[in-house]
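First the structure, in the form of structure tokens, and then the observations on it.
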Amino acid sequence: MEKTSQNQSSQSRKVDAKPSAAEGLRELFVDELKDIIYAERALVKALPKMANNATDPDLKMAIEEHIAVTENQVERLVKVFELLGESNRGVKCDAMEGLLKEGESILEETEPGPVRDAGIISASQKIEHYEIASYGTLAAFAKILGENEVAALLQETLEEEKEADTKLSDAAYNSINIEAAEGE
Ligand SMILES: [Fe+2]
Ligand SMILES: [Fe+2]
């Protein structure tokens with residue numbers, strides 16, 4: 001009984017759509033593509049600072065490599081928009097803005113060295129997981145919509161993001177977290 005009344009609180013009320021709301025799955029798909037291209041472009045700009053602030057040479061290299069990979073992912077998305085006949089103008093991605101802001105505060109709150117490196121890995125993995133979730137959904141939407149060429153391109157990026165995530169995990173487990181803990 002109690003539960004029902006809680007669910008009816010003002011915060012759980014149904015939301016009225018904006019006049020510009022997506023009318024179907026295809027429109028939602030394109031909207032989410034605009035979100036991820038914004039996110040990838042923001043990353044291309046933000047990653048060099050992450051790399052410059054990393055001390056461990058393997059971590060620095062992994063991030064630098066991912067800058068090139070990310071630039072290529074932007075190009076791949078441009079191709080996706082071309083195939084769909086849509087403009088590739090991005091729309092601000094609040095999630096990526098937030099993740100990047102968190103990364104910035106980690107830099108401000110740590111000295112260069114293993115602890116900052118551990119923080120950079122933590123921030124980067126949150127970003128990778130956001131991308132993995134986004135591309136997983138986008139590839140599934142593309143398949144359902146019968147956009148097979150687009151689905152294959154999105155799947156390719158999804159694999160790259162998973163690989164980047166694994167590399168970051170390896171860097172963390174192999175040495176960085178241990179060094180960071182040894183400094184305690
Ligand atoms: Fe990416
Ligand atoms: Fe990525």
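Each ligand, and each atom within it, is numbered from 1 in the order the structure gives.
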Would you call E128 and K167 a salt bridge, taking side-chain N to carboxylate O under 4.0 Å as the test? no

Quick check: does any side chain N or O of K34 sit under 3.5 Å from a backbone N or O of S87, one acting as donor and the other as acceptor? yes

Count of protein N, O or S atoms below 2.8 Å from the Fe ion (ligand 1) equals 5

Evaluation steps, side-chain hydrogen bond (donor to acceptor under 3.5 Å, both in side chains), between E32 and T137: CA-CA 9 Å; E32 294 202 11; T137 301; 5.6 Å; no

Heavy-atom closest contact (D58 atom, D56 atom, distance): N-OD2, 3.0 Å

Pairing donors with acceptors under 3.5 angstrom, does anything connect the side chains of Y130 and E161? no

Closer than 3.5 angstrom, by distance alone: can the side chain of N53 be matched with the main-chain N or O of K49 as a donor-acceptor pair? yes

